[in-house]
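Inspection log for the structure reproduced underneath, given as structure tokens.
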Amino acid sequence: MLETKRPLSECTAFQDTSLVIAPRLLPWYDRHARELPWRKGPQKMRGSGDQRELAVPYHVWLSEIMLQQTTVATVKAYFLKFLAIWPTVEDLAQADLDQVLTAWAGLGYYARARNLHRCAQVVAEELDGIFPDNEAALLKLPGVGPYTAAAIAAIAFDRPAAVVDGNVERVIARFYALQDPLPGVKTEIRTLAAKQTPQERSGDYAQAMMDLGATICTPRNPACVLCPIQAGCLGREKGIAAELPKKAPKKLKPIRRAFAYLFRDEEGSVLLRRRAESGLLGGMVEVPSGSWGEAPEPERDRFLDDLGHWSLLEGQVKHTFTHFHFEISLLQAKVGKDEKEQIAGKVGGSWHVAEEFSGLALPTVMKKILYQAV
DNA sequence: AACGCGGGGTA
DNA sequence: TACCCAGCGTT
């Protein structure tokens with residue numbers, strides 16, 4: 001395969017002397033690119049021509065949505081599961097939202113799953129199942145922002161879009177020794193990143209930059225000695241690479257507390273209900289709970305209190321969300337056969353045995369509660 | 001521009 | 001255990 005490539009020196013990307021990153025980064029990527037389920041090999045050639053084998057747009061889109069705020073290691077299994085269940089964007093568009101949320105459970109940021117489903121429907125029903133091949137059109141799709149639009153344009157269609165995620169921000173901030181803190185310095189980073197984006201092998205370049213940030217130019221303890229662009233890196237020259245990019249101080253997370261109310265029947269079934277469509281854990285399944293307050297002690301829920309004879313279980317479940325810590329105290333009540341349906345109606349939920357849990361859209365915090373109590 | 005939104009990895 | 005990471009949509 002490698003012999004069929006044109007010499008690097010013939011690529012216009014390497015003749016432009018203002019490009020200081022791509023000429024060193026792409027050869028490194030050819031040797032070190034990670035094998036990922038949604039990725040074709042770097043610059044694989046077909047036959048004697050120079051046409052690249054590009055990844056399937058559906059695969060690129062699906063993986064990029066999952067990779068927002070989520071590590072490669074975590075995404076792999078979910079990506080393969082989604083592809084097994086829904087091989088095409090039309091399949092995904094025809095799924096029920098609840099099926100999608102169930103498959104997404106555990107990945108977090110559940111608005112991504114709702115937007116994923118909406119986006120699949122737009123592509124399948126309004127765009128003949130074909131993803132747009134340019135940044136501007138991609139940007140209009142639900143759940144597709146500046147990063148993802150650029151990533152799909154570059155990786156799926158080899159367009160010279162400037163792909164700037166957190167990894168690229170870090171690489172650029174260090175390479176140019178940008179001392180100003182994020183998020184203010186973002187505009188400057190984008191400008192420099194756009195200038196360094198080559199017209200050829202743009203998709204490989206985008207992935208190479210992100211691979212570099214994920215494996216060499218890491219947030220802490222960057223492996224500068226192994227870095228293909230260490231020559232010319234101002235952050236390394238000045239000995240400040242590891243401290244960049246600087247960031248505005250983050251605020252501390254408050255602790256919220258709540259009681260979870262576990263209605264149990266004689267056979268071990270638990271009463272679960274669906275959360276509101278939007279907001280925290282939107283559309284996901286939950287154990288009924290009282291209010292999630294910041295007071296030193298959790299608050300009992302009048303309405304739920306009256307529906308059973310409650311006993312406090314030992315221990316608390318702890319979970320951390322994006323912006324608060326959560327401590328849950330567990331209450332349990334036995335419900336007789338004859339009351340089950342009436343209580344389910346009042347609570348607005350339904351009864352489930354443990355064997356059904358894996359088929360429900362249960363976020364991690366709810367699994368923790370059920371695992372501890374059931 | 002600031003905030004809301006999960007979960008996993010590392011020191 | 002404490003801290004770190006990070007796109008999109010909404011406000």
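Model, not experiment: these values are computed from the prediction. So that the names make sense, note that chain A is the first sequence line, chain B the second, and so on, each numbered from 1.
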* Contact class for A:Arg114 (heavy atom, under 4.0 Å): base, sugar-phosphate, or nothing? -> nothing

* Asked: Atom CG of A:Leu67 to atom P of C:dA6: distance rounded to whole Å?
  -> 13 Å

* Taking atom P in both C:dC3 and B:dG6, compute the distance separating them and give it to the nearest angstrom. => 22 Å

* Considering only the P atoms, how many Å lie between C:dC8 and B:dG9, rounded to the nearest integer? -> 23 Å

* **Distance below 4.0 Å between A:Lys250 side-chain N/O and C:dA6 OP1 or OP2** => no

* Asked: Between A:Tyr147 (OH) and C:dG9 (P), how many Å, whole number?
  -> 14 Å

* To do: Kindly work out whether a path of hydrophobic side-chain contacts (I/L/V/M/F/W/Y, heavy atoms less than 4.5 Å apart) joins A:Ile369 to A:Tyr371.
  => no

* How close or far is atom P of C:dA6 from atom CD1 of A:Ile65, stated in whole angstroms? -> 17 Å

* Pair A:His319 + A:Phe321: ring centers closer than 6.0 Å -> yes

* Please give, in whole Å, the distance from C:dT1 P to A:His325 NE2? -> 12 Å

* Compute the ring centroids of A:Phe263 and A:Trp310, then answer whether they are less than 6.0 Å apart. => yes

* Asked: On a whole-Å scale, what distance lies between the C1' atoms belonging to B:dT10 and C:dG7?
  -> 22 Å

* Structure fact -> Between CG of A:Leu138 and P of C:dC8 the distance, given in whole Å, is 11 Å

* To do: Have a look at A:Lys247 and say if it touches a base, only the backbone sugar-phosphate, or nothing, with a 4.0 Å heavy-atom cut-off.
  => sugar-phosphate

* **Under-4.0 Å salt bridge between A:Glu169 and A:Lys186** => yes

* To do: In whole angstrom, give the distance that lies between atom NZ of A:Lys318 and atom C1' of C:dT1.
  => 11 Å

* Starting at atom CD of A:Glu243, determine the distance to atom P of C:dC4, rounded to an integer number of angstrom. => 15 Å

* To do: Mind checking A:Pro183 for me? I need base, sugar-phosphate or nothing, with any heavy atom below 4.0 Å counting as a touch.
  => nothing

* Is the closest basic N to carboxylate O distance between A:Arg201 and A:Asp30 below 4.0 Å? -> yes

* To do: In plain terms, say whether A:Glu266 and A:Lys334 are close enough for a salt bridge, that is, a side-chain N and a carboxylate O under 4.0 Å apart.
  => no

* Using a heavy-atom cut-off of under 4.0 Å over every strand shown, decide if A:Lys186 touches base, sugar-phosphate, or nothing. => nothing

* Without hydrogens or angle criteria, can the side chains of A:Arg112 and A:Asn115 be said to hold a donor-acceptor pair below 3.5 Å? -> no

* To do: Classify every nucleotide of nucleotides 5-11 of chain B by which part a protein heavy atom approaches to under 4.0 Å, writing B for the base, S for the sugar-phosphate alone and - for neither, in 5'-to-3' order.
  => BBBS--S

* Span that lies between the P atom of B:dA11 and that of C:dA6, in whole angstrom -> 15 Å

* Asked: CD1 of A:Ile255 versus C1' of C:dA2: gap in Å, rounded?
  -> 13 Å

